[in-house]
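Notes to accompany the following structure.
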There are 2 protein chains.
Amino acid sequence: MSLNIKVVAKTFEVLETLNREPKISLKEITDRVAFPKPTVFRLLHTLQTLGYVDQDPDAQTFTLSSKFISFINGANRGSELLVLAQPYMEKLRNEFKETINLAKMVDNTPVYINILESSHSFRISDSIGDHASFHSTAIGKAIIAFLPANKLKELLKKYSFSRFTKKTITNISELEKEIAKVKKQGFAVDDEEGHDGVICIGAPIFDKDRYAFAAISISMPKVRAKKIILEKIKKELTATGKKISEELGVKDI
Amino acid sequence: MSLNIKVVAKTFEVLETLNREPKISLKEITDRVAFPKPTVFRLLHTLQTLGYVDQDPDAQTFTLSSKFISFINGANRGSELLVLAQPYMEKLRNEFKETINLAKMVDNTPVYINILESSHSFRISDSIGDHASFHSTAIGKAIIAFLPANKLKELLKKYSFSRFTKKTITNISELEKEIAKVKKQGFAVDDEEGHDGVICIGAPIFDKDRYAFAAISISMPKVRAKKIILEKIKKELTATGKKISEELGVKDI
DNA sequence: AAACGTTATTCCACAATGTGAAATAATGTA
DNA sequence: TACATTATTTCACATTGTGGAATAACGTTT
């Protein structure tokens, strides 16, 4: 009955709206959520008083406050995956000197939860908290290739393909071919599909049911990606994905 | 009257408790917050349903979920300070090849909101979301030295000094002397007070009232900190702090 | 500077929603 | 098997949150 508090759900709807589009007004928020203006007003007022939302006094516009940055701490320390993957990620970075990414499915979208940057001066990297796309990143492909069939289907149904480079996959049939390939190989490749001159290799991390719920990847400029190194990376990344899965409690992968 | 929704405040009390101590049980949370067990139970249940809290089914223990990591996105994009400081931070890192930190006061504690890591292999760095102490970091000192007198007093009243190295400042009178020095210089130094072998320089960022609400700092191994470089860093960091403040709308510093 | 449109804020009567003491179930421990 | 301890459910109650409508505060146009 009253086990789920409705105001709390409303609160987070407002916060998520604010996360999607920072710096919007009360009116704009109200247009996006389903409840009346005074309700949104009250929620924003409360969040502001508590310090979770900042208001630009001139533009009368709202934003998530830096207080949310503090929550990273607890979320990280509580994340078994993140804690467990850390040493593996460090090992990979030290070995290849390139950027290592860890992403996890959050609300049906891969979100970067950790990034160890390349020590090279020429680096390309996303930020923690960023979303990864399924069709243009190795980390995204590594995840969807090992999703339950029905979940994959559902995801692809309402998926829109933005083009980033001329190599970007932009339709379902191509992506499905790619998924089959990833499944067979055990790892995913993004060869200049997200950014020109950048190649990424990604490997899945499995849950108890043997479905991917996360992935690790390495990003590097293509000019540094010699064939022999690339082969080594593919092998080690896949092995690391398996090891992390095992440590998380998945046996015999 | 009902402008501030009480359930929302309670919700965030639970979340903050969970942030401070990840992996605690219903009982433990109830002990730390002021409201009865069924209320906490309901809040946790709701947060779990919404996906903001994860429960370890074995240990019956709760944690903030990775969903909070997504909020970084909106909080960052909405942060004028962060967006504005980014190019300055990049310039400093490119010039000195050392780790550049940006921290902001959140609930009377400096919180790292951005960190650009050194390109050197020997790197020492905190994580975004971490708290910085006032007495053992350059970034913390740079902030407290330029706080309103009454706020500073209040902060120091209930401040506890943990010792990290033999150079750590561990009492108020020493810290007050240090603060006076920082005020005079315009920048702060942490000379192996937080970590042995690590030196940091920090400079304040001011709000419209000319009080510090944030700071930038550079961290480096002492072995790389030649006197001439250090002098250059002090000058440039302080100048950068001023420039960022100006861009934020503070005139004539 | 007046009139208009738009968006933010306040009001308030109402009942739905959240409350929490107490009872019960589930779990772990001796 | 009995005993603690902690998690969950129940339920009668009123506090708390609700939202339509009114008002205020802007911003823009004429």
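Everything numeric here is computed off the predicted structure, so don't read it as measured data. Here is the naming used below: chain letters follow the sequence lines, and residue numbers restart at 1 for every chain. All heavy atoms count here, side chains included; hydrogens, waters and symmetry mates do not.
- Across the protein-nucleic acid pair, Gln55(A) atom CD and dC26(D) atom P stand 12 Å apart, rounded to whole Å.
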Each nucleotide of nucleotides 17-30 of chain C classed B (base within 4.0 Å of a protein heavy atom), S (only sugar-phosphate) or -, in 5' to 3' order, makes SBBBBB--------
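- The neighbour count for His45(B) NE2, taken as heavy atoms of other residues, nucleotides or ligands under 6.0 Å away, is above 12.
- Contacts of residues 24-33 of chain A with DNA chain C (heavy atom under 4.0 Å): Ser25(A), Leu26(A), Lys27(A).
- Whole-Å rounding puts the Phe41(A) CZ to dA25(D) P distance at 13 Å.
- Annotation: side chain to side chain donor-acceptor pair (under 3.5 Å) contacts of Tyr211(A) (sequence neighbours excluded): none.
- Across all their heavy atoms, Ser162(B) and Thr168(B) have their closest contact at O-CG2, 3.5 Å.
- For Tyr52(A) and Phe12(B), the gap between ring centers is short of 6.0 Å.
- Between Leu102(B) and the options Leu81(B), Ile115(B), Val111(B), a side-chain contact (heavy atoms from CB on, under 4.5 Å) holds for only Leu81(B).
- Between the NE2 atom of His45(B) and the P atom of dT9(D) there is a distance of 8 Å, given to the nearest Å.
- With a 4.5 Å cut-off on side-chain heavy atoms, Ser127(B) and Tyr112(B) do not count as touching.
- A salt bridge is defined here as a Lys NZ or Arg NE, NH1 or NH2 lying under 4.0 Å from an Asp or Glu carboxylate O, and Lys67(B) with Glu16(A) meets this definition.
- For the pair Ala85(A) and Ile244(A), the tightest heavy-atom approach, listed with the atom from each and the gap, is CB-CD1, 3.9 Å.
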